[in-house]
Amino acid sequence: MMTGKSAPRRLSIFGSTGSIGQNTLNVVDHLGGREKFEISVLTGNGNVELLARQAKSSGARLAVTANDRHYESLKSELSGSGIAVASGKSGLMEAADREADWVMAAIVGTAGLAPTLAAARRGADIALANKECLVSAGDLFIKAIHQGGGRLLPVDSEHNAIFQVLEENQRHAIERVVLTASGGPFRTASLKEMADVTVETARAHPNWSMGLKISIDSASMFNKALEMIEARHLFGLTPEQIEVIIHPQSIIHSMVGYTDGSVLAQLGAPDMRTAIGYALSFPRRPNLPIERLDFARLARLDFEAPDELRFPALRLARLAMTRGGVQGAVLNGAKEVALEAFIEGRLPFLAMAEITERVMDDLAGLPPATTMDDVFAADRQARQRAADLMKLAIAG
């Protein structure tokens with residue numbers, strides 16, 4: 001009996017104009033483009049021209065700019081294309097409500113929380129590249145995934161690596177997970193040298209091409225701190241089971257250690273398309289145009305313990321996990337304010353962790369979150385407290 005072609009798989013890409021979003025569209029094109037996939041929604045922020053080009057070339061049904069001020073520009077760019085246009089928070093929620101089998105959640109920051117949570121509750125498979133969903137609202141987000149019945153597919157290279165080598169039938173035997181970190185541009189810098197770090201030197205990651213904020217988070221290792229908290233929620237771990245190791249080559253993306261002494265690692269060239277392709281094609285592995293490892297040329301892999309004196313963000317992650325409740329949201333909110341201040345030249349590089357820790361201590365008594373409103377309230381309080389502390393420091 002003859003059978004027709006299967007219907008294209010419906011995808012939504014939240015944050016399509018960022019590096020993760022652009023790489024996702026690249027993978028989609030490589031794996032069949034419009035013949036295999038139907039793009040339901042693309043969302044972006046300020047890069048309206050790129051968002052419009054992406055929408056036209058992919059045949060997206062809806063394009064959303066998160067900034068209401070860019071609505072008219074996006075509408076003009078897409079005039080006559082037949083592509084619907086929306087903007088702002090309401091536009092992002094409309095995007096979340098659109099039918100899609102698979103959602104790439106790559107909106108940076110807390111702006112991605114509500115639409116990603118809504119898509120999870122609707123039952124879509126969530127390819128998660130937004131750290132805040134689990135850092136700030138981990139318990140609520142995992143509950144939404146279970147209620148919706150979709151799958152949670154980690155896209156961060158470290159969590160994707162763990163996902164690939166974590167054997168479901170051996171969960172009882174998991175002893176530890178080891179998140180690898182490149183060490184960033186200041187892996188060998190002294191505390192004195194780090195005190196004088198500039199935005200330009202902090203954004204120069206040795207292995208990855210990323211946005212400004214993510215690059216600076218990598219340089220301070222706040223990105224690794226957030227990944228530790230994510231790993232706890234993603235894989236149901238205790239804080240004691242999560243380790244970090246510096247691995248400057250970024251070839252081993254993370255490892256899982258088992259109670260029999262075995263350690264399983266996922267290796268690959270530092271290319272985000274590997275993780276994206278795995279999440280898009282799971283449980284089958286796709287054929288991707290990724291550089292193949294030449295072990296003879298690679299020759300060596302180096303490892304070293306992280307220095308939590310120079311990178312205190314790692315200690316703050318353990319503190320947040322131990323305290324629980326909304327401490328993840330507080331850590332993230334305070335860090336975001338401190339990061340902005342560093343970028344604007346109002347705060348030294350090392351002071352970002354100092355401000356964050358003071359805010360965490362000041363707000364350690366906040367109750368656990370039962371709704372997203374509780375998460376947003378903790379985030380607001382953390383941001384306000386961080387701003388107040390910086391004003392006091394400047395005044396003093």
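Model, not experiment: these values are computed from the prediction. Values below: all heavy atoms of this structure, side chains included; hydrogens, waters and symmetry mates excluded.
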Q: Evaluate Asp156 against Lys131 for salt bridge (charged side-chain N to carboxylate O under 4.0 Å, His left out), listing each step before the verdict.
A: CA-CA 9 Å; Asp156 269 352; Lys131 296 182 184 301; 2.6 Å; yes
Q: Would you find a donor on one side and an acceptor on the other, under 3.5 Å apart, between the side chain of Asp101 and the backbone of Arg10?
A: yes
Q: Counting distance only, does the side-chain N/O of Asp374 pair as donor-acceptor with the main-chain N or O of Thr371 below 3.5 Å?
A: yes
Q: Using modelled atom types only, decide if a donor and an acceptor are shared between the side chain of Ser12 and the backbone of Ser40 within a distance under 3.5 Å.
A: no
Q: Gln327 side chain to Gly324 main-chain N or O, any donor-acceptor pair under 3.5 Å?
A: no
Q: With a 4.5 Å heavy-atom cut-off, do Val103 and Asp125 have their side chains touching?
A: no
Q: Looking at Gly112, is its backbone amide N or carbonyl O close enough to the side chain of Thr116 to form a donor-acceptor pair, meaning the two atoms are under 3.5 Å apart?
A: yes
Q: Which atom names give the shortest non-hydrogen contact between Ala231 and His159, and what distance separates them?
A: N-NE2, 3.6 Å
Q: Where do Gly21 and Ile13 come nearest, in terms of heavy atoms and distance?
A: CA-CG2, 4.1 Å
Q: Nearest 0.5 Å, please: how far is CD in Gln266 from OG in Ser254?
A: 8.5 Å
Q: Heavy-atom distance under 4.5 Å between the side chains of Lys56 and Leu78, does that happen here?
A: yes
Q: Check whether Lys89 reaches the backbone of Ala66 with its side chain - one donor and one acceptor, N or O, closer than 3.5 Å.
A: no
Q: Write down the atom of Pro154, the atom of Asn160, and the distance for their closest heavy-atom approach.
A: O-ND2, 2.9 Å
Q: Are Ile252 and Val244 linked, directly or through intermediate hydrophobic residues, by side-chain heavy-atom contacts shorter than 4.5 Å (ILVMFWY only)?
A: no
Q: Consider only side-chain N and O atoms of Ser218 and Ser215, and report whether a donor and an acceptor are under 3.5 Å apart.
A: no
Q: I want to check something: taking the side chain as every heavy atom from C-beta on, are Arg34 and Ser58 in contact at a cut-off of under 4.5 Å?
A: no
Q: Within the 3.5 Å criterion, strictly below it, is a donor on Asn26 or Gln22 matched to an acceptor on the partner's side chain?
A: no
Q: Under 4.0 Å between a side-chain nitrogen and a carboxylate oxygen: does that hold for Arg315 and Glu357?
A: yes
Q: Please name the pair of heavy atoms, one in Leu51 and one in Gly44, separated by the smallest distance, quoted to 0.1 Å.
A: CD2-N, 3.8 Å
Q: Just wondering, do Glu230 and Glu227 contact through their side chains at under 4.5 Å, heavy atoms?
A: yes
Q: Do you reckon Leu11 sits in the same ILVMFWY cluster as Leu50, going by side-chain contacts under 4.5 Å, direct or chained?
A: no
Q: With heavy-atom distances below 4.5 Å as the criterion, would you say the side chains of Lys36 and Leu31 are in contact?
A: no
Q: Indicate whether the side chain of Asp68 and that of Ser87 have a donor and an acceptor atom separated by less than 3.5 Å.
A: yes
Q: Could you tell me whether Arg346 and Glu340 have a side-chain N and a carboxylate O separated by less than 4.0 Å?
A: no
Q: Mark yes when over 12 heavy atoms from residues, nucleotides or ligands other than Asn287 sit less than 6.0 Å from its CG; otherwise mark no.
A: no
Q: For the salt bridge (charged side-chain N to carboxylate O under 4.0 Å, His left out) test, which of Glu175, Glu168, Glu167 pairs with Arg171?
A: Glu168
Q: Would a distance-only check, ignoring hydrogens and angles, find a side-chain to backbone donor-acceptor pair under 3.5 Å from Arg122 to Ala96?
A: yes
Q: For Tyr258, is there any backbone N or O sitting under 3.5 Å from a side-chain donor or acceptor partner on Ser262?
A: no
Q: Between His253 and Leu267, is there a side-chain heavy-atom distance shorter than 4.5 Å?
A: no
Q: So, the side chain of Trp102 versus the backbone of Ala279: is there a donor-acceptor pair under 3.5 Å, distance only?
A: yes
Q: Is it true that Thr65 and Asn67 share a donor-acceptor pair across their side chains at a distance under 3.5 Å?
A: no
Q: Check the orientation of Phe282 and Phe163. Use parallel for under 30°, tilted for 30 to 60°, and perpendicular for over 60°.
A: tilted
Q: Specify the closest pair of heavy atoms between Ala95 and Val64, including all atoms of both residues, with the distance to one decimal.
A: CB-CG2, 4.2 Å
Q: Look at Lys75 together with Glu72 and state whether they make a salt bridge at an N to O cut-off of under 4.0 Å.
A: no
Q: Where do Asp302 and Arg300 land on the salt bridge (charged side-chain N to carboxylate O under 4.0 Å, His left out) test, with the steps shown first?
A: CA-CA 7 Å; Asp302 297 310; Arg300 59 182 288 174; 2.6 Å; yes
Q: With rounding to the nearest 0.5 angstrom, report the CZ to CG distance, Arg203 to Leu212.
A: 4.5 Å
Q: What verdict does the side-chain contact (heavy atoms from CB on, under 4.5 Å) test give for Met372 and Leu117, after you've listed the backbone C-alpha separation in whole Å, the side-chain angles of each residue and the deciding distance to 0.1 Å?
A: CA-CA 9 Å; Met372 282 303 300; Leu117 193 70; 3.2 Å; yes
Q: Do the non-hydrogen side-chain atoms of Thr356 and Leu331 ever get within less than 4.5 Å of each other?
A: yes
Q: So, taking the atom named CD1 in Ile242 and the one named NZ in Lys224, what distance separates them when rounded to the nearest 0.5 Å?
A: 12.5 Å
Q: Show your working on side-chain contact (heavy atoms from CB on, under 4.5 Å) between Val108 and Asn130 and close with a plain yes or no.
A: CA-CA 6 Å; Val108 176; Asn130 170 290; 6.0 Å; no
Q: Extract all donor-acceptor atom pairs below 3.5 Å that involve side chains of residues 306-313 and protein atoms in other chains or at least two apart in sequence.
A:
from, atom 1, to, atom 2, distance (Å)
Asp307, OD1, Leu309, N, 2.9
Asp307, OD2, Arg310, NE, 3.0
Arg310, NH1, Phe186, O, 3.1
Arg310, NH1, Arg187, O, 3.1
Arg310, NH1, Ala189, O, 2.8
Arg310, NH2, Arg187, O, 3.1

Q: Is it possible for you to say whether Met228 and Val165 belong to one hydrophobic cluster, with membership spreading through side-chain heavy-atom contacts below 4.5 Å?
A: yes
Q: Looking at Arg53 and Glu49, is there a salt bridge between them, counting it only when a charged N and a carboxylate O are closer than 4.0 Å?
A: no
Q: Please lay out, stage by stage, how Gln54 and Ser16 fare under the test side chain to side chain donor-acceptor pair (under 3.5 Å).
A: CA-CA 8 Å; Gln54 290 176 334; Ser16 68; 2.7 Å; yes
Q: Does this structure show an ion pair linking Asp362 with Arg385, if we count only N-O contacts that are shorter than 4.0 Å?
A: yes
Q: Is Ile290 reachable from Leu25 through a run of I, L, V, M, F, W or Y residues, each pair having side-chain heavy atoms under 4.5 Å apart?
A: yes
Q: Identify each donor-acceptor pair in which a side-chain atom of residues 132-146 lies under 3.5 Å from a protein atom, sequence neighbours left out, and give them as a table.
A:
from, atom 1, to, atom 2, distance (Å)
Glu132, OE1, Gly109, N, 3.3

Q: Is there a path of hydrophobic side-chain contacts, each under 4.5 Å between heavy atoms of I/L/V/M/F/W/Y residues, joining Leu366 to Val337?
A: yes
Q: Among Thr274, Ile276, Val28, which one satisfies side-chain contact (heavy atoms from CB on, under 4.5 Å) with Asn23?
A: Ile276
Q: Distance from Asn45 atom CG to Leu92 atom CG, nearest 0.5 Å?
A: 9.0 Å
Q: Checking side-chain contact (heavy atoms from CB on, under 4.5 Å) for the pair Arg318/Leu314: CA distance, chi angles, key distance, verdict?
A: CA-CA 7 Å; Arg318 298 189 194 284; Leu314 303 179; 5.5 Å; no
Q: Would Phe376 and Leu113 satisfy side-chain contact (heavy atoms from CB on, under 4.5 Å), going step by step from the backbone distance to the final call?
A: CA-CA 9 Å; Phe376 290 132; Leu113 274 173; 3.8 Å; yes
Q: Hey, are the side chains of Ile107 and Thr43 touching, using non-hydrogen atoms and a 4.5 Å cut-off?
A: yes
